Every structure is written in structure tokens, then in C-alpha cells.
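In the text below, chain A, chain B and the rest are named by the order of the sequence lines, each starting its count at 1. Owing to the predicted nature of the structure, the values given are computational and were not obtained by experimental measurement.
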Amino acid sequence: MINITLPDGAVRQYDAGVTALDIAKSISEGLARKVLAAKVNGEVMDATRPITTDATLQLLTWTDTDGKSTMWHSSAHLMAEALEALYPGVKLGIGPAIENGFYYDIDLGGRTITEEDLRKVEAKMVELSKHNSIYSRKEVSKADALQYFTEKGDEYKLELINDLQDGTITFYTQGGFTDLCRGPHIPNTSFIKAIKLTNIAGAYWRGNEKNKMLTRIYGITFPNQKELDEYLTLIEEAKKRDHRKLGKELELFTFSEKVGLGLPMWLPKGALLRERLQRFLQEAQMATGYLPVVTPHIGNKNLYVTSGHYEKYGQDSFRPITTPEEGEEFMLKPMNCPHHCELYKASPKSYKDLPVRFAEFGTVYRYEQHGELHGLTRVRGFTQDDAHLFCRPDQVKEEFMKVIDLVLYVFNSLGFSNYTAQVSLRSKEDRSKYIGTDENWELAEKAIIESAAEKGLPTVVEYGEAAFYGPKLDFMVKDALGRKWQLGTIQVDYNLPERFELEYIGADNAKHRPVMIHRAPFGSLERFIAVLIEHCGGKFPLWLAPTQVKILPISDKSQEYAEKVAAQLKAADIRAEIDDRSEKIGKKIREAELAKIPYMLVLGEKEAADNLVAVRRQSKGDLGTMTMDQFKALVNEEVVNRKPFE
RNA sequence: GCUGUUGUAGCUCAGGGGUAGAGCACUUCCUUGGUAAGGAAGAGGUCGAGAGUUCAAUUCUCUUCAACAGCUCCA
């Protein structure tokens, strides 16, 4: 007999070799029907695997993340089975579960697959799922595994098997389909009730752009149709919040093919929003000892040779600008750090001067590959809310933590609560792409890891994500469709100070090297605003709204009063516009609602007679009448407290 | 950059080998209306660009440019 400890602490006894599914059955039949997989001693495995020793057991169902991903992984196998049935000879790459659903990379040998084909594959999957095929696990020797896929003629699987250790290889079979797979899987295909293949895309084999591009089919499955419908509705809703769509509708920004790809242009309303954000951060920075600086948009090529950026990015960047004079080359500024290093050198520094904090909203230009461009989140010209802190080694941690505070202040003020803090370190394998000594890197990595830990940030560590000159702490936020974007970033850098030979005179009257901290709480104004738009669905907090109040006279008779009210609001620093068209009040309200203007003032003869305003709140409706002073106080209170728009 | 999809009026989209249509927006006129669309008339497009096939191309073919999805990349 073995002891099985359940999540509630209860211990039950079973014969050795019992399966999680058996245990579920012993608890209740209803539970057994829902079990997708099991977590045994912390490891997720098939609910049908025998358990032979004492263990802790958690039964995984659809409500568990691991339960979902097990089902989606099994769904990928089901899709592969359907694909083999419909497209004999198809070769399979990998087919994992992802955050929302699964995909399988396939090689159709020159054939293409269309959206309509996906519907056929879906239908085949539904048909196969009804066979209630069991997912059965089998351990195989490397030789047998190689033989199986050699006969099948699937070179991708052979490549995968060659990288595996003999004795660790397992196959899973359901229906007529067998795949190389570590598992785990759901007990049988009947759990998969609702299926949607969402899209087709290309993906390089093993993520390497030198390799062949396979066809990737994405899909998602659910245990019932209702949940699938809800999911699809959610996606539709999310698309309505897309910043590219809202940016156009709310007249915030635009692009022009003639101006160039990835070069956003800000329309008046968007520019106003940008300026509000800029002023907000400037004020916070002035309060914490930053000094504003301004540097030019171009820099001599030698500046970037010194910094190392030219060697690293010169070939993949905008080409240098040449002058009529021979031999002079300038580059569009792709970052502000080298300029700031030279600013630091403008005067000798004492240890008493440090830290020096140079801040600049610096517009930079980077040649991003065509296919990477994406709305405002990935562009070729953008403005960083950049600053460089030059400090003594003993000040690094304190300064770093103050920057974390500033980033969190910015995020909190805008209601960004679901970020992840990512510690981006060097790749463990390939170190050739980084500059500087191991010693400096270790110092920098240590400073970041310790600071983040002391601030209690929930962090994830990613290797290979560091900048070439130093590690980073990145604040990642998701857009409407769940794509992750890096917003705030803080980087510790021991390398550029060395390359630029930055110095300060210490208390010992000797020269020392300062440490540099790069930081940008927004990341870039463009990307930050993109994510902000998607977060609030275009309903900006009042303090940021380009137009805060729309004044809606009921008829021409109230025009004069409307203008008087507008003048008073302007004097109170409230951004208001009058809708003086000869339209009915219902239409004016509808359009102001759709434009997501926070407040509407409906003004007719009644209001004019009593010197009042009838206030309407966007998406909330009529708030009744009040005096101008009351309305101004209402607005002011909301602005000062930076209340989020509900 | 790679794979796939798309490109028709300012916007959202329909159409289709015989040189184009709707709704909204826009202009003018009527209407002066009290909390999510008042009415009428008008104007607006070399159907992304180039080449080919054809008596004839916006429609078919090829090339190219751009957008979108994903991959790769991101100082």
C-alpha cells in the first residue's frame, strides 16, 4: 500500500500502481470525468500513469493552468492526426501548448493551406475526437524511435530524436497517430469538445531564420462550445481596443507612406496627450534630482564607433549621412547614451557631484526590419523618456532602487498593475555578442538582481535578453491581444563609462570610473501610449484626455451661453470644445460618447437662465445640473488625483 | 528580411472581363430640436503602382509597394 497526500492534507491509502484516475474515481465519478492530468510530487503527468510510491497528488482539471495546457497539447496531437488523414505525407515539426491554445509546425512539401482548409481540418478533428481514442504512452529505445521516423520519412522528428538521450524517449499514440512526445496527455480525445483553428503563419524550424520555414497552424480547444464562444467574443472585444484602430478613430496619430514606414506622426489630440505625459514625468523627475539636457539628432560616426554601437548595429542600421566634405560621416541618433557620456565629460567631476542624472526626451531612429513594424509599438522613429545616471559604485544600488520607485510611480499613476518585471541577463551559451569583462557583467547583474529582490518585485529571469553592454530590468506589459511589450527599462552599465573613459575624482584625490544607469520608465512615448490606449480602450483618465469637456448647446439660441461657459473653462485650464453644429442634442451626445469625451455639458435656455450646466458623464449618463464652480471643482478633483477613467 | 492573407471614396465595406456602388463622414439648404443617429440635395474614386494577356482589365497573370497575422530581430 502507498500513501497519497491530497491538496487538503488528507492522506489516503491505495495499492501501488494505482493511477490518478483511479483515485479520482474513488473520490467521485463526477470528478473522474473532469480529470485531465495529475500533478504527482509536483510533476505534471498522465492521469493514467501508475503511481508506485508514496506521493502528493493534485488532480488537474480544466480550471488548472496545467490542466488546460495538457488538453491543448493533446489537441495539437489530435490536429496532427487530422492533418495526416487529410494531407498524407505531411511532415511534423513540434506542436506544443501555448498560453492560449496550441500550434503545430508542419511541412506540407510545397502545398499551401488556406483558411477554408482550416475548417476542413477542424471538422476532421471533431470527427476523430468522437472516437474517444485513448492517449497511450510507450517508452522506446533511441534506435526504435529513429527507425520509426526513418520509415515514416520525417526528418524533423529524426533531428529531435538525435538530440535526446537514449532511455528518455517516449511515444504517445491516439487513434492512428503516433508522435514523439514527452507528454503528458489527457486520458482520451473525448474531452476535446469545441475546436477552433485560429490562424496560419510561417515559422522557422527551431526558431532559426537560416532554417526552412514551416507552416504553423494555431488553434484552441475547450471542453464545451460555450467557453469557445466566450473566448471568441473576448478576442473580438480586444480587437476593438487595438491602438491602431482607436488611434485613427480618436484622431491621435497617423502614418503616411510618403513620409515613410514606421514613422508615426502625431495629430493635435495625440500630441496633447503626449505632452501631458511628458510633463507628468518631467515633474516627477525634477522632484527626484534629474537635470534636463538636450542633444542633437545626429552624431558623428566616431561617437558610435567609440560606444561599440557601430560595430554591433552599423550594418543593420540607417546608413551614415555624408557631408559634401570628404570623409565626414554622421549617423541619425539611434540612442542617447553616447551623447550623454560626452555631456558628462564637459566638466571634471568630483565624487561629491555624483550622482549626475541627465534626462532628455530624446527622439531616436532605428532601422527596424520591415516585417517587425507594428503600429506605435515597433517603429523606426520614436522618443525615449531617457535618462542616464552616472554614479559611484557604492551608489549603484540606491540609485537603481530609486529608479524602480519612479517606474512604479509611473505605472501606478496610470493603473498598469499587471506588469512582469523581467531580469534580462546574458545568454548562458553565446557570450560573443556582449562587450566588457566578465567581472563588470557580474557586478551589474548582481546589482540588478539584488535591487529587484530588495524592492520585492515579482521577477522572471530571461537569459539572452540583455543589451550588448549590460543587463536590464525590463517592465513587460501586455497589449489588448495579450502580446507582451517592454515598457519601462533600467540598465546597469559598467562598459560605456570605460569606452568613453569617464572619470571622477574620489575623496582619495585619485581618478575613478563612474557606473552608468540607463533608464526609461515609459520605454518610449510611442509604445507607452499604444499600451495605454489599449488598457483604457481609448477612455483616457481625465488628466490626460485631449478633450476633457464637450459643450453641447441644444440650439443656436444657446450658442452665446455656450461660448461664455467655454471661456470660463479655458480660464480654469480645462480643455473644452463646443459642438456648434445645427444638429439635434441626441446626435451631439452620441458623437461625444463615441469620441469618449469624459464630460459633456448640455446647455439650453433653462441652464442659461439659471447660470447652470447640465453635466453628463461619458458611459454613465446624466449627472444633473450644477453651478460652474461645482463643475470646475468636480473636474479639478479628478485631475489632481489622476483618477482612472472607469 | 521570411511565410501566408489582404489592398475599391476620408472611414467601414459590397461588387465584378464592357472604364464603379452602399452606409457613415464632408458641402449646401430646410429644421431650433432637451440626454446615443431629423430631412433633402450635392460633391467625392485614373478600383495601391507597373507590366503582360485581351477588341476591351478595376476584375485574369506576373512583378512591385503597403497593411495585417505569425516567425526572426529589437541598442
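- Note on A:Thr114: nothing from the nucleic acid sits closer than 4.0 angstrom, heavy atoms only.
- For B:A36, the base has a donor-acceptor partner in the side chain of A:Arg616 [N/O atoms by modelled type, under 3.5 angstrom].
- Under a 3.5 Å cut-off, the side chain of A:Asp493 and the backbone N or O of A:Asn495 do form a donor-acceptor pair.
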### Task
Under the salt bridge (Lys or Arg N to Asp or Glu O under 4.0 Å) rule, what do A:Glu237 and A:Arg241 come out as? Steps first, then yes or no, please.
CA-CA 7 Å; A:Glu237 287 301 311; A:Arg241 297 207 309 272; over 6 Å; no
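- Contact annotation for A:Lys248: backbone-only contact, meaning every heavy-atom pair under 4.0 Å involves sugar-phosphate atoms and none involves a base.
- Distance from the side chain of A:Met213 is smallest for B:C71 among the nucleotides B:C71, B:A75, B:G38.
- The gap from the P atom of B:C71 to that of B:A56 amounts to 47 Å, rounded to the nearest Å.
- Nucleotides B:C13 and B:U27, compared at atom P, are 24 Å apart to the nearest Å.
- To the nearest whole angstrom, the two P atoms, one in B:U72 and one in B:U3, are 15 Å apart.
- The residue A:His518 sits apart from the nucleic acid: no heavy atom pair falls under 4.0 Å.
- Note: NZ (A:Lys606) to P (B:U35) measures 9 Å, nearest angstrom.
- Nucleic acid contact for A:Leu214: none, since no nucleic acid atom lies under 4.0 Å from a heavy atom of the residue.
- As judged by a 4.0 angstrom heavy-atom cut-off over every strand, A:Glu591 is placed among residues touching the sugar-phosphate backbone only.
- Between A:Lys587 and B:A25, a side-chain N or O to OP1/OP2 separation shorter than 4.0 Å is present.
- Counting heavy atoms from C-beta on, the side chains of A:Tyr561 and A:Asn611 come closer than 4.5 Å.
- Of the two residues contacting RNA chain B, namely A:Gly262 and A:Arg216, the nearest-nucleotide position lying further toward the 5' end is that of A:Gly262.
- Counting any heavy atom pair closer than 4.0 Å across all strands shown, A:Glu257 reaches sugar-phosphate atoms only and no base atom.
- Applying the 3.5 Å distance criterion, the base of B:C74 shares a donor-acceptor pair with the side chain of A:Arg378.
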### Message
What verdict does the side-chain hydrogen bond (donor to acceptor under 3.5 Å, both in side chains) test give for A:Lys333 and A:Thr295, after you've listed the backbone C-alpha separation in whole Å, the side-chain angles of each residue and the deciding distance to 0.1 Å?
### Response
CA-CA 10 Å; A:Lys333 181 164 79 173; A:Thr295 62; 2.9 Å; yes
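- When all heavy atoms of A:Tyr367 and A:Phe318 are compared, the closest pair comes out as CB-N, 3.6 Å.
- Within 4.0 Å of A:Asn199, counting heavy atoms only, lie sugar-phosphate atoms of the nucleic acid but no base atom.
- Summary of the strand contacts: A:Gly604 and A:His309 both lie near RNA chain B, and taking for each the nucleotide with the nearest heavy atom, the more 5' one is attributed to A:Gly604.
- Close to B:A75, at under 4.0 Å from its OP1 or OP2, lies a side-chain N or O of A:Lys472.
- A:Glu583 comes within 4.0 angstrom of a base, heavy atoms only.
- A donor-acceptor contact under 3.5 Å is formed by the side chain of A:Glu607 with the base of B:G34.
- Between the P atoms of B:A67 and B:C29, the separation comes to 41 Å (whole Å).
- A donor-acceptor pair under 3.5 Å links the side-chain atoms of A:His339 to the main chain of A:Ile298, judged by distance alone.
- Across B:U28 and B:A51, the matching P atoms stand 40 Å from one another, rounded to whole Å.
- Within the 4.0 angstrom heavy-atom criterion, only backbone atoms of the sugar-phosphate kind lie near A:Tyr218; the bases stay farther away.
- Rounded to the nearest Å, the gap between the P atom of B:U46 and that of B:C30 is 32 Å.
- Stacking between A:Tyr313 and B:A75 is shown: the ring centroid lies under 5.5 Å from the centre of the six-membered base ring, and the planes differ by under 30°.
- Checked by distance alone, A:Thr215 brings no side-chain donor or acceptor within 3.5 Å of a matching partner on the base of B:U3.
- At a cut-off of 3.5 angstrom, counting only N and O atoms as typed in the model, there is no donor on one side facing an acceptor on the other between the side-chain of A:Arg206 and the base of B:C71.
- With hydrogens and angles ignored, no donor-acceptor pair closer than 3.5 Å exists between the side chain of A:Tyr204 and the base of B:G70.
- When heavy atoms are screened at a 4.0 angstrom cut-off, A:Gly207 is found touching the sugar-phosphate backbone but no base atom.
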### Query
Going through the checks in order, is the salt bridge (Lys or Arg N to Asp or Glu O under 4.0 Å) test met by A:Glu501 and A:Arg513?
CA-CA 8 Å; A:Glu501 299 176 331; A:Arg513 186 124 292 159; 5.9 Å; no
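- Rounded to whole Å, the C1' atom of B:U5 lies 25 Å from the corresponding atom of B:G10.
- Rounded to whole Å, the C1' atom of B:G17 lies 12 Å from the corresponding atom of B:C55.
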